[in-house]
Amino acid sequence: MPRFQFPVEAGHVLCFARAVGDDDPVRYDAEHERTIHRGGLSASPTFVAAVAQFDPDWPYRPRPGQPWYGSGRGPGTPPPGAGTTSLHAEQHYEYHRQVRPGDVLTVERSAGAAWEKHSARSGRLRFEEEITRFTDPAGELVVTARRVRVITGGPAEGLT
Amino acid sequence: MTMVRELEIGGTHTQLLVEELTRTQIVMYAGASGDYNPLHTDEVYATRIAGFPSVLAHGQLTMGLTARLVTSWLDDAVLTAFGVRFSRQVWPGDTLTGTVTVTAVGEQDGRPTAELMLITTNQEDQTVVSGYARVRGE
């Protein structure tokens with residue numbers, strides 16, 4: 001999978017914090033006493049999920065000149081690969097240091113473990129891990145993310 | 001606020017995370033995160049194509065809201081790990097409440113540490129995410 005850069009910008013950190021109800025001044029007010037005490041601005045714990053903005057292959061973003069499967073004049077169309085459903089089952093983050101505005105992170109993804117389970121309700125379930133490593137320009141790990149997806153043969157039930 | 005060094009095993013903290021989640025907040029999350037999946041952003045698509053009763057919240061939005069349980073409770077906490085399992089969908093109008101329980105306390109390099117168990121439930125007391133966090137005091 002390709003490597004790409006994830007520049008961490010103060011405005012993006014602010015917008016993300018607002019979206020998750022995080023009104024801590026350390027997310028947006030560099031002059032606040034608490035921010036100074038905490039060593040400067042830092043991003044919300046799950047901010048690295050916003051790496052999707054910089055991922056060249058991210059599928060859930062409309063692109064100019066390309067068809068989008070959401071509604072427009074009509075209600076939309078089933079996404080490519082319909083018939084199976086991929087659900088986000090688990091998400092884990094390991095923080096090696098805090099993410100701060102001004103960081104330029106290098107992002108590398110790799111496949112992790114994969115396994116199958118049989119469920120009476122949903123039939124065969126396939127679980128797949130994806131590991132994303134965020135490193136700084138010195139090559140030091142900043143965050144390691146592990147996403148577990150579950151892929152079913154039927155319609156989405158119970159998970160997001 | 002509480003300091004990490006003040007935590008004791010079995011201590012708990014409960015907090016309202018969002019009251020009657022709005023579609024607008026889901027849109028804010030889509031815009032900030034870059035996840036514009038129409039299941040989350042497009043009511044017409046979500047109901048007529050995907051067959052859901054409405055759009056649904058991103059699992060990661062619920063995870064982000066759940067993080068507030070730790071960061072707004074513990075004044076000096078630096079998260080060293082945070083993970084959740086998504087167990088139920090979250091819909092517009094849902095009210096989410098989180099509870100954190102201290103499962104271990106310790107010390108590393110002269111700084112206090114703690115392990116926490118997190119559960120976020122909806123207005124029907126159904127668990128939507130459950131997980132853990134590890135923190136270090138500054």
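Side chains are part of it too, since the values below use all heavy atoms of this structure and drop only hydrogens, waters and symmetry mates. Note on naming: letters A, B, ... go to the chains in the order of the sequence lines (proteins, then strands), and numbering restarts at 1 for each one. Because the structure is predicted, anything quoted here is derived from the model rather than measured.
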Asks: Just give me the residue among A/Ala50, A/Ser42, A/Ala52, A/Ser71 that pairs up with chain B most often, heavy atom to heavy atom, under 4.5 Å.
Replies: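 Among the listed options, the one with the most contacts to chain B is A/Ser71.
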Asks: Do you know the tightest heavy-atom contact between A/His88 and B/Phe86?
Replies: O-CD1, 3.4 Å
Asks: Among A/Arg38, A/Arg97, A/Gln98, A/Arg61, who wins on heavy-atom pairs under 4.5 Å with chain B?
Replies: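 Top count of heavy-atom pairs under 4.5 Å with chain B: A/Arg38.
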Asks: Counting only non-hydrogen atoms closer than 4.5 Å, does A/Thr77 touch chain B with its backbone (N, CA, C, O), its side chain (CB onward), both, or neither?
Replies: backbone
Asks: With chain A, which of B/Thr24, B/Thr80, B/Val44 has the greatest number of heavy-atom pairs at distances under 4.5 Å?
Replies: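 Looking at each option in turn, the highest pair count goes to B/Thr80.
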Asks: Looking only at heavy atoms, what is the nearest atom pair of B/Tyr45 and A/Gly70, with distance?
Replies: CD1-CA, 4.0 Å
Asks: Heavy atoms, side chains only, cut-off 4.5 Å: are A/Tyr95 and B/Val78 in contact?
Replies: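 Not touching, per the 4.5 Å side-chain cut-off.
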Asks: Do B/Val105 and B/Leu74 share a hydrophobic cluster, counting only Ile, Leu, Val, Met, Phe, Trp and Tyr and linking them when any side-chain heavy atoms are less than 4.5 Å apart?
Replies: yes
Asks: Quick one: does any side-chain atom of A/Gln91 pair with a main-chain N or O of B/Phe82 as donor and acceptor, under 3.5 Å?
Replies: no
Asks: Run the side chain to side chain contact (heavy atoms under 4.5 Å, CB included) check on B/His58 and A/Tyr60 step by step: do they pass?
Replies: CA-CA 12 Å; B/His58 306 73; A/Tyr60 302 116; over 6 Å; no
Asks: Go through the structure and list residues passing salt bridge (Lys or Arg N to Asp or Glu O under 4.0 Å) with A/Arg34, not counting sequence neighbours.
Replies: A/Asp24, B/Asp75
Asks: Looking at B/Tyr132 and A/His92, what are the two nearest heavy atoms and their distance?
Replies: OH-ND1, 2.7 Å
Asks: Below 4.5 Å, heavy atoms only, C-beta onward: do B/Asn37 and A/Tyr69 meet side chain to side chain?
Replies: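 Yes, their side chains come closer than 4.5 Å.
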Asks: Under a 4.5 Å heavy-atom cutoff, which of B/Met28, B/Arg85, B/Arg68, B/Arg48 has the most pairs with chain A?
Replies: B/Arg68
Asks: Surrounding CD of B/Glu8 (heavy atoms of other residues, nucleotides or ligands, distance under 6.0 Å), is the total greater than 12?
Replies: no
Asks: If you count heavy atoms of other groups shown closer than 6.0 angstrom to CD of A/Glu33, is the number above 12?
Replies: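 Count not over threshold, so no.
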Asks: Just verifying a value: how many Å separate B/Asp35 CG and A/Asp55 CG, rounded to the nearest 0.5 Å?
Replies: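 Taking CG in B/Asp35 and CG in A/Asp55, the distance rounds to 11.5 Å.
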Asks: Does A/Glu31, at its CD atom, have more than 12 non-hydrogen atoms belonging to other residues, nucleotides or ligands within less than 6.0 Å?
Replies: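 Atom CD in A/Glu31 is not crowded, with 12 or fewer foreign heavy atoms closer than 6.0 Å.
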Asks: Side chain, backbone, both or neither: which part of A/Pro62 has a non-hydrogen atom closer than 4.5 Å to chain B?
Replies: side chain
Asks: Quick check: closest heavy atoms across A/Trp58 and B/Gly34, and the distance to 0.1 Å?
Replies: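 Heavy atoms only, the tightest pair is NE1-O, 2.9 Å.
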Asks: Determine which residues belonging to residues 12-23 of chain A lie within contact range of chain B, meaning some heavy atom pair is under 4.5 Å apart, and list them by number or answer 'none'.
Replies: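 A/His12, A/Cys15, A/Phe16, A/Arg18, A/Ala19, A/Val20, A/Gly21, A/Asp22, A/Asp23 fall under the 4.5 Å cut-off.
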Asks: Can you check whether A/Arg27 reaches B/Thr71 side chain to side chain, under 4.5 Å on heavy atoms?
Replies: yes
Asks: Quick check for you: among B/Asp76, B/Val18, B/Leu17, which has the greatest number of heavy-atom pairs under 4.5 Å with chain A?
Replies: B/Asp76
